[in-house]
Amino acid sequence: MPAPAAQNRWTVLLRLLLLIPQFVVLWVLSLVAFVVTVIGWFGALVLGRLPGFVADYLTAFVPYEARVTAYLMLTVDRYPPFRFSAPEYPVQVELRPGELNRLAVLFRIILVIPASIVQGLLHAGWWMVSFISWLVVLILGRMPQPLYEATTAILRYQLRYTAYLVMLTSAYPKRLFGEEPNSEPERVSATRPLVLSGGGRGLVVLFLILGLVSWVTSSVTTSVNTDDNDEDNGVNPTQHVIAPLVPGPH
């Protein structure tokens with residue numbers, strides 16, 4: 001991805017509205033991706049790799065989704081094209097499908113749970129302050145460097161999580177906080193390697209904490225609302241606890 005640059009304030013202001021057609025297309029493509037991934041899972045168990053047509057579709061779909069997400073999260077100002085191949089677009093994704101461990105494929109949905117929790121917390125935390133981020137970019141006309149670093153770290157982790165989930169890679173999602181300075185001999189772009197400053201790392205931690213707060217708050221609210229509804233309906237809340245311990249129909 002390129003370094004943060006000036007953005008058109010009108011496109012920032014109307015970002016969600018502009019993306020409505022992309023959301024529709026992405027929803028349809030996601031349905032196809034789900035079906036293809038299921039087929040690919042069975043194929044990978046037999047072949048030890050994804051079937052060719054599955055790998056071809058997913059290596060096209062995942063970058064498409066990444067481009068839309070990058071535009072949505074205000075890291076780039078160029079509208080993503082409605083096509084799979086976009087070599088001229090500033091966001092580029094490198095995927096290298098290869099051999100897979102059949103046992104890891106068999107238990108993929110279980111193995112991916114920790115990474116799923118991490119990326120879920122990150123996105124929940126980012127969206128909790130998304131209005132503030134949007135306002136900052138709208139006023140400044142660009143994304144501040146620490147916010148850009150943290151946002152691209154989330155994008156990269158989500159990309160790696162998705163690639164692992166759909167079996168495009170055997171590498172587990174890692175390096176949420178980026179690479180160490182001078183860890184790679186050549187710099188290809190602003191995010192390859194991705195080196196986070198102290199401010200960027202701090203924001204990633206903040207997003208994780210906010211995501212956890214959001215999850216806890218949502219769980220408590222749901223629990224309270226359930227208990228209130230039970231009381232309104234004349235149901236004793238303790239029945240939910242003791243009922244499974246009492247033999248016979250309930």
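When every heavy atom of Ala104 is checked against every heavy atom of Leu111, the shortest pair comes out as O-CD1, 3.7 Å. Nearest heavy atoms, Gln22 versus Val68: OE1-CG2, 3.6 Å. For the residue pair Pro81 and Tyr64, the shortest heavy atom distance occurs at O-CE1, 3.6 Å.
The backbone N or O of Leu165 lies less than 3.5 Å from no partner atom in the side chain of Arg108, so there is not a single donor-acceptor pair. Here the side chain of Ser218 pairs no donor or acceptor atom with the backbone of Ser214 at under 3.5 angstrom. In this structure a side-chain-to-backbone donor-acceptor pair under 3.5 Å is missing from Tyr161 to Val118. The backbone N or O of Gly98 sits nowhere less than 3.5 Å from a side-chain atom of Arg49 that would complete a donor-acceptor pair. Formation of a donor-acceptor pair under 3.5 Å by the Tyr172 side chain with backbone atoms of Ala115 is found in this model. Here the side chain of Arg160 pairs no donor or acceptor atom with the backbone of Thr169 at under 3.5 angstrom. Remark: the backbone N or O of Leu194 is paired with a side-chain donor or acceptor of Glu179 at under 3.5 angstrom. In this structure, Glu149 contributes its side chain and Ser197 its backbone to a donor-acceptor pair below 3.5 Å.
In the hydrophobic clustering of ILVMFWY residues, with side-chain heavy atoms under 4.5 Å counting as a link, Leu31 and Ile20 come out apart.
More than 12 heavy atoms of other shown residues, nucleotides or ligands fall within 6.0 angstrom of atom CG in Leu212.
Of the charged side-chain nitrogens involved, at least one lies within less than 4.0 Å of a carboxylate oxygen, so that Asp77 and Arg15 count as a salt-bridged pair.
Ring-plane geometry between Phe61 and Tyr57 is classed as parallel, the angle between the planes falling under 30 degrees on a 0 to 90 degree scale with a further cut at 60.
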